[in-house]
2 protein chains.
Amino acid sequence: MEQNKIPQATAKRLPLYYRFLNNLQSQGKTRVSSKELSEAVKVDSATIRRDFSYFGALGKKGYGYNVEYLLGFFRKTLDQDELTEVALIGVGNLGTAFLKYNFMKNNNTKIVMAFDADEEKANTEMGGVPIYSIDDLEEKINGVKVAILTIPASEADGITDRLVRNGIGGILNFTPARITVPDHVRVHHIDLAVELQALVYFLKHYPLVEQ
Amino acid sequence: MEQNKIPQATAKRLPLYYRFLNNLQSQGKTRVSSKELSEAVKVDSATIRRDFSYFGALGKKGYGYNVEYLLGFFRKTLDQDELTEVALIGVGNLGTAFLKYNFMKNNNTKIVMAFDADEEKANTEMGGVPIYSIDDLEEKINGVKVAILTIPASEADGITDRLVRNGIGGILNFTPARITVPDHVRVHHIDLAVELQALVYFLKHYPLVEQ
DNA sequence: TTGAATATGTGAAACTAATCACGACATTTC
DNA sequence: GAAATGTCGTGATTAGTTTCACATATTCAA
Ligand SMILES: NC(=O)c1ccc[n+]([C@@H]2O[C@H](COP(=O)([O-])OP(=O)(O)OC[C@H]3O[C@@H](n4cnc5c(N)ncnc54)[C@H](O)[C@@H]3O)[C@@H](O)[C@H]2O)c1
Ligand SMILES: NC(=O)c1ccc[n+]([C@@H]2O[C@H](COP(=O)([O-])OP(=O)(O)OC[C@H]3O[C@@H](n4cnc5c(N)ncnc54)[C@H](O)[C@@H]3O)[C@@H](O)[C@H]2O)c1
């Protein structure tokens, strides 16, 4: 798949750059230096230059980067023109928050359907997104490649298997369960409790200077 | 601060190990090997052994680790006996989810107060946590060292400054804004939109074998 | 037109983390 | 109690990422 030499660490920063460049453009700025960008997104300027350089020479020495050009480049690279449909599984506390928000600010991902085991929630809608019964998963989910998991941990393995059998390629897992998937499925864990505990640990055990 | 040689990558995994060991104990298991642990938490077994070894020799060759002992050790190391009080700023979609959940499963962190600018929400409570007006921040927040930020991005800088002036040491920031803090304050960003976009990027651009 | 200022792109170095691979020792079996 | 088995702890290696530092190209002011 084209330039797969790009480090994962870099790939994770791309959406961040993209969003900030959008802000710049709507502020009417036409040029930006790696130093300015650095201050805004809190990433070292050398890292930014290195990140950009994986895609070729996007800037001009002595000048910086042209916002319009850079933005256009990233739009293509991040496939911002192509909408990725997402299914959300579990319309509880977290799921509800995501549905209401629905990542509106980004134009390339959209939650298009949700599922819940609770029959009271099934066949309603929220934030314009239809909520189906989890029993209808196989029937409805055709073609959706990305799922957000916000169900109880105990349900995670079972639902994951069903998702995988139905062609899901990527899962954003908010469950504390560490799910098992075949090699061709990618899982990103976001474990909010762990994040909070890790922050507390760092505060107590790490020297205060550096972040 | 004692053993600050511990790699950050290791520190981030500690809460994960801790949680899983708890599960094991409540299942009545008394011993566990790095291999078993590895399968459950999806971290290479050599990495687990290395992680543990930073704290000394916790296991026994040919046997594995004693669950009880290991758990006791981590309880102390992660200060699980000491409660860390947390303030939540912004009781909107996300904030509400966190309040209702309140990280009940962990015994060492607890949201003890929340703030919102909306006067309808102020002076009510949710999930047993009092919600105050943001105007009362300075008056109420005394002694709390960790804050969760779930306010609109445009408010992030202003509120951060107020938090820092009032002695906050760590911020878990869910806002897309990259906030600026003095060196002695630690910020962890959890940028959900970026996480979703990054997952989509990986799916489209990375070879399918490996996760 | 010139020269000072600026900011990129990138080799090289430094740092951080993951993984390999194996000696040492404990446990278990017979 | 000897042999086989299992598993840790870790030195060495490899991989991945960040940062330094500077030659180079461009801009800009005078
Ligand atoms: N809310 C938080 O702040 C928070 C924080 C950290 C982790 N988490 C984790 O996120 C997950 C969701 O948390 P929550 O607070 O939203 O939980 P919740 O109980 O509010 O919501 C879970 C939802 O999933 C639905 N559900 C249950 N089984 C299902 C199934 N088999 N198929 C489809 N839907 C099913 C339930 O009906 C419910 O609506 C949990 O695993 C939790 O541990 C949540
Ligand atoms: N909800 C999501 O799924 C989601 C996803 C990604 C990012 N985010 C980010 O998380 C943040 C919160 O999102 P949300 O969906 O909960 O937003 P929201 O609008 O539902 O909630 C924001 C809350 O903050 C309160 N608020 C506003 N200004 C305040 C101030 N100065 N002091 C205290 N409270 C104030 C509002 O009254 C509101 O209750 C936003 O920055 C958003 O971009 C949310």
Side-chain angles (χ1 to χ4, degrees), chain A residues 3-14 16-17 21 24 29-70 73-74 178 189 198 201-202 205-207 209-211, chain B residues 3-14 16-17 21 24 29-70 73-74 189 198 202 205-207 209-211:
Chain A
Q3 286 300 88
N4 73 38
K5 288 153 271 255
I6 291 156
Q8 305 218 357
T10 296
K12 285 193 187 171
R13 285 187 291 264
L14 298 181
L16 187 61
Y17 298 145
L21 288 170
L24 280 187
K29 285 209 64 163
T30 60
R31 68 182 264 193
V32 66
S33 68
S34 61
K35 186 143 168 292
E36 276 177 280
L37 223 55
S38 170
E39 275 149 30
V41 300
K42 307 278 190 272
V43 172
D44 187 88
S45 67
T47 301
I48 292 177
R49 291 200 300 281
R50 173 82 59 195
D51 283 348
F52 288 3
S53 77
Y54 291 116
F55 299 98
L58 303 176
K60 236 187 233 174
K61 302 190 175 180
Y63 175 89
Y65 300 90
N66 178 290
V67 173
E68 183 92 12
Y69 177 74
L70 205 52
F73 183 83
F74 278 120
R178 254 42 190 180
H189 288 277
Y201 182 83
F202 279 122
H205 296 269
Y206 277 69
V209 184
E210 57 93 37
Q211 85 119 323
Chain B
Q3 287 300 91
N4 73 38
K5 288 154 273 255
I6 291 156
Q8 304 218 358
T10 296
K12 285 192 186 169
R13 284 187 291 265
L14 297 181
L16 188 61
Y17 297 145
L21 289 169
L24 280 187
K29 284 208 67 165
T30 60
R31 66 182 266 195
V32 66
S33 69
S34 62
K35 186 145 169 292
E36 275 178 280
L37 222 54
S38 169
E39 276 149 28
V41 298
K42 307 277 192 277
V43 171
D44 187 89
S45 68
T47 301
I48 292 177
R49 291 200 300 282
R50 172 82 62 199
D51 283 347
F52 288 2
S53 77
Y54 292 116
F55 299 98
L58 303 176
K60 236 187 233 176
K61 301 187 175 184
Y63 175 90
Y65 300 90
N66 179 290
V67 173
E68 183 92 13
Y69 176 75
L70 205 52
F73 183 82
F74 277 120
H189 287 277
F202 279 123
H205 297 269
Y206 278 70
V209 184
E210 57 93 38
Q211 87 120 322

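Proteins come first, then strands; the chains are lettered A, B, ... in the order of their sequence lines, and each starts at number 1. Since this is a predicted model, take the numbers as computed values, not measurements.
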> For DNA chain D, which nucleotides open and close the run of contacts to chain B, 5' to 3', at under 4.0 angstrom from a non-hydrogen atom?
Replying inline: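 On DNA chain D, the outermost contacted nucleotides are dG6(D) to dA12(D).
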
> For every nucleotide of nucleotides 22-30 of chain C, 5' to 3': is a protein heavy atom under 4.0 Å from its base (B), only from its sugar-phosphate (S), or from neither (-)?
Replying inline: -BBBSSS--

Rounded distance in Å - [atom1] ([X]) to [atom2] ([N]):
X        : N      : atom1 : atom2 : answer
Asp51(A) : dT8(C) : CG    : P     : 13 Å
Leu70(A) : dA7(C) : CG    : C1'   : 14 Å
Phe52(A) : dA7(C) : CZ    : C1'   : 13 Å

>> Once ring pair (Phe, Tyr, Trp, His ring centres under 6.0 Å) is applied, do any residues pair with Tyr65(B), and if so which ones, sequence neighbours excluded?
In response: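 Residues passing ring pair (Phe, Tyr, Trp, His ring centres under 6.0 Å) with Tyr65(B): Phe52(B).
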
Report, one pair per line, the protein and nucleotides 11-13 of chain C atoms (nitrogen or oxygen only) whose separation is under 3.5 Å.
from    : atom 1 : to       : atom 2 : distance (Å)
dG11(C) : O6     : Arg50(A) : NH2    : 2.5
dA12(C) : N6     : Arg50(A) : NH2    : 3.0

>> Restricting to salt bridge (Lys or Arg N to Asp or Glu O under 4.0 Å), what partner residues turn up for Lys29(A), sequence neighbours left out?
In response: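 Lys29(A): salt bridge (Lys or Arg N to Asp or Glu O under 4.0 Å) contacts with Glu36(A).
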
> How are the rings of His205(A) and Tyr201(A) set relative to one another: parallel (under 30°), tilted (30 to 60°) or perpendicular (over 60°)?
Replying inline: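 Parallel.
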
> Got a sec, which residues hit side-chain hydrogen bond (donor to acceptor under 3.5 Å, both in side chains) with Ser33(B), two or more places apart in sequence or on another chain?
Replying inline: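 Ser33(B) satisfies side-chain hydrogen bond (donor to acceptor under 3.5 Å, both in side chains) with no residue once adjacent residues are dropped.
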
> Taking five pairs at each end, how big is the angle between the two axes of the helix from dT1(C)-dA30(D) to dC30(C)-dG1(D), to 10°?
Replying inline: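 The end axes of the helix from dT1(C)-dA30(D) to dC30(C)-dG1(D) are about 20° apart, to the nearest 10°.
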
>> Does dT19(C) have OP1 or OP2 under 4.0 Å away from a side-chain N or O of Thr47(B)?
In response: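 It does, given that an N or O in the side chain of Thr47(B) lies less than 4.0 Å from OP1 or OP2 of dT19(C).
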
> Has Tyr65(A) got a side-chain N or O lying under 4.0 Å from the OP1 or OP2 atom of dG9(C)?
Replying inline: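 Affirmative; the distance criterion is met.
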
Got a list of side-chain donor-acceptor pairs under 3.5 Å for residues 43-50 of chain B, not counting sequence neighbours?
from     : atom 1 : to       : atom 2 : distance (Å)
Asp44(B) : OD2    : Ala46(B) : N      : 2.9
Arg49(B) : NH1    : Ser34(B) : OG     : 3.1

>> What contact category does Ser34(B) fall into here, base, sugar-phosphate, or nothing, at under 4.0 angstrom with non-hydrogen atoms?
In response: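 Sugar-phosphate: the residue Ser34(B), judged by heavy atoms under 4.0 Å, touches backbone atoms but no base.
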
> Which residue pairs pass the salt bridge (charged side-chain N to carboxylate O under 4.0 Å, His left out) test with at least one member in residues 53-70 of chain B, sequence neighbours excluded?
Replying inline: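 Counting only pairs at least two positions apart or across chains, no salt bridge (charged side-chain N to carboxylate O under 4.0 Å, His left out) contact touches residues 53-70 of chain B.
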
> Between the side chain of Arg31(B) and the main-chain N/O of Gly64(B), is any donor-acceptor distance below 3.5 Å?
Replying inline: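 Not confirmed, Arg31(B) side chain does not pair with Gly64(B) backbone.
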
